[in-house]
Participant: 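Below you will find the structure I want to go over with you.
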Amino acid sequence: AQSVTQLDSQVPVFEEAPVELRCNYSSSVSVYLFWYVQYPNQGLQLLLKYLSGSTLVKGINGFEAEFNKSQTSFHLRKPSVHISDTAEYFCAVSESGTSYDKVIFGPGTSLSVIP
Amino acid sequence: EAGVVQSPRYKIIEKKQPVAFWCNPISGHNTLYWYLQNLGQGPELLIRYENEEAVDDSQLPKDRFSAERLKGVDSTLKIQPAELGDSAVYLCASSGTSGGANTGELFFGEGSRLTVL
């Protein structure tokens with residue numbers, strides 16, 4: 001069975017500084033990987049996804065992530081954060097089987113951007 | 001295109017009372033999910049539907065929770081009776097197919113926040 005680990009529960013960072021949010025997963029089969037963002041009192045929305053092909057994927061709001069199969073990681077990065085990036089970020093994995101419908105989420109990382 | 005719609009957004013009840021949440025997925029999405037999200041934690045799957053069939057309900061506490069998805073479109077999640085520990089956000093999500101395959105990309109509603117007093 002798959003699982004998702006996000007080692008950093010809280011990440012404070014100054015405005016315009018770079019940030020990396022870490023995600024590791026475990027699975028014995030092929031996976032798709034996702035990063036979702038959740039703003040206060042809202043549902044989750046997709047930031048980016050890795051399905052296949054290039055291991056570096058770009059998403060909305062200037063975020064990107066790199067899939068590393070050997071390290072089973074999918075870290076999220078942004079070169080320069082903005083105040084509006086303050087939110088909860090969730091890494092998720094869907095596992096192949098009969099379909100990719102089973103989606104498991106990590107515990108989340110709270111990103112706080114400091115002015 | 002309308003997104004996933006959930007109601008109510010907020011609900012406050014006393015313990016032992018019943019409560020129900022409703023979800024209307026994105027049109028054409030066959031897969032519907034109910035997730036539980038406790039404060040400061042990631043979503044945890046309660047139940048997953050493929051059309052009208054519950055294909056994964058292993059994490060649904062069946063003694064007090066029930067769900068249905070009649071006609072394979074909208075869905076209702078019920079708790080009866082509610083307990084203090086049920087206070088959380090209940091998220092509904094749906095997914096469809098792209099190029100004939102479901103990739104697991106989820107589209108979420110805004111959630112229903114339950115407070116049990």
Side-chain angles (χ1 to χ4, degrees), chain A residues 1-11 21 23 25 27 29-53 57 59-60 74 87-112, chain B residues 3-10 21 23-26 29-51 53-59 88-113 115:
Chain A
Q2 76 267 42
S3 65
V4 181
T5 303
Q6 293 180 248
L7 291 176
D8 306 306
S9 60
Q10 297 184 14
V11 174
L21 305 183
C23 172
Y25 69 93
S27 176
V29 299
S30 298
V31 297
Y32 292 153
L33 296 159
F34 308 85
W35 275 98
Y36 288 84
V37 60
Q38 185 177 34
Y39 299 103
N41 297 317
Q42 295 186 26
L44 284 70
Q45 57 182 272
L46 184 70
L47 266 182
L48 48 78
K49 59 187 177 184
Y50 171 79
L51 304 181
S52 65
V57 293
I60 62 172
F74 190 55
E88 292 282 332
Y89 292 80
F90 296 95
C91 183
V93 59
S94 65
E95 192 172 67
S96 66
T98 57
S99 71
Y100 283 85
D101 289 345
K102 186 169 185 176
V103 184
I104 302 298
F105 286 83
T109 296
S110 177
L111 175 64
S112 298
Chain B
V4 177
V5 179
Q6 289 187 247
S7 68
R9 285 294 314 277
Y10 305 93
F21 306 110
C23 172
N24 187 261
I26 291 174
H29 279 189
N30 296 330
T31 309
L32 184 146
Y33 308 74
W34 282 103
Y35 282 90
L36 166 70
Q37 187 177 27
N38 287 305
L39 187 64
Q41 298 182 26
E44 301 170 26
L45 182 67
L46 287 172
I47 189 167
R48 172 167 60 99
Y49 280 95
E50 197 65 42
N51 297 306
E53 181 183 1
V55 296
D56 185 353
D57 63 355
S58 58
Q59 301 303 311
V89 176
Y90 293 83
L91 295 167
C92 179
S94 67
S95 66
T97 58
S98 175
N102 191 323
T103 63
E105 177 181 349
L106 304 185
F107 296 82
F108 283 86
E110 293 188 301
S112 295
R113 182 179 296 275
T115 301

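A note on names: the letters A, B, ... follow the listed sequences, proteins ahead of strands, and every chain is numbered from 1.
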Participant: Heavy-atom count check: over 12 atoms from other residues, nucleotides or ligands less than 6.0 Å from A/Q42 CD?
Facilitator: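 Yes - once you tally the heavy atoms of other residues, nucleotides and ligands closer than 6.0 Å, there are more than 12.
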Participant: Can you tell which part of B/E44 gets under 4.5 Å to a heavy atom of chain A, answering side chain, backbone, both or neither?
Facilitator: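 Neither; nothing under 4.5 Å.
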Participant: Let's go through B/R113 and A/N41 carefully: what are the C-alpha distance in whole Å and the side-chain angles of both, what is the deciding distance for side chain to side chain contact (heavy atoms under 4.5 Å, CB included) to 0.1 Å, and is it a yes or a no?
Facilitator: CA-CA 9 Å; B/R113 182 179 296 275; A/N41 297 317; 3.4 Å; yes
Participant: List the steps, then state whether side chain to side chain contact (heavy atoms under 4.5 Å, CB included) holds for A/Y36 with B/L106.
Facilitator: CA-CA 9 Å; A/Y36 288 84; B/L106 304 185; 3.5 Å; yes
Participant: Does CD1 in A/I60 sit with more than 12 non-hydrogen atoms of other residues, nucleotides or ligands closer than 6.0 Å?
Facilitator: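 Counting other residues, nucleotides and ligands, CD1 of A/I60 exceeds 12 neighbours.
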Participant: Specify the closest pair of heavy atoms between B/F108 and A/L44, including all atoms of both residues, with the distance to one decimal.
Facilitator: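 B/F108 and A/L44 have their closest heavy atoms at CB-O, 3.4 Å.
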Participant: Once you round to the nearest 0.5 Å, how far does CG of B/L91 lie from CZ of A/F105?
Facilitator: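 It is 8.5 Å, given to the nearest 0.5 Å.
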Participant: Which answer fits A/Q38, side chain, backbone, both or neither, if we ask what part of it has an atom under 4.5 Å from a heavy atom of chain B?
Facilitator: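 Just the side chain, heavy atoms under 4.5 Å.
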Participant: Taking A/V103's backbone N and O only, do any of them form a donor-acceptor pair with B/Y33's side chain (distance below 3.5 Å, no angle check)?
Facilitator: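 No; judged by distance alone, with no hydrogens or angles, the pair does not exist.
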Participant: Quick check for you: to the nearest 0.5 Å, what is the distance between B/E105 atom CD and A/K49 atom NZ?
Facilitator: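 The NZ atom of A/K49 is 3.5 Å from CD of B/E105, to the nearest 0.5 Å.
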Participant: Please walk me through it: do B/Q41 and A/F90 pass side chain to side chain contact (heavy atoms under 4.5 Å, CB included)?
Facilitator: CA-CA 9 Å; B/Q41 298 182 26; A/F90 296 95; over 6 Å; no
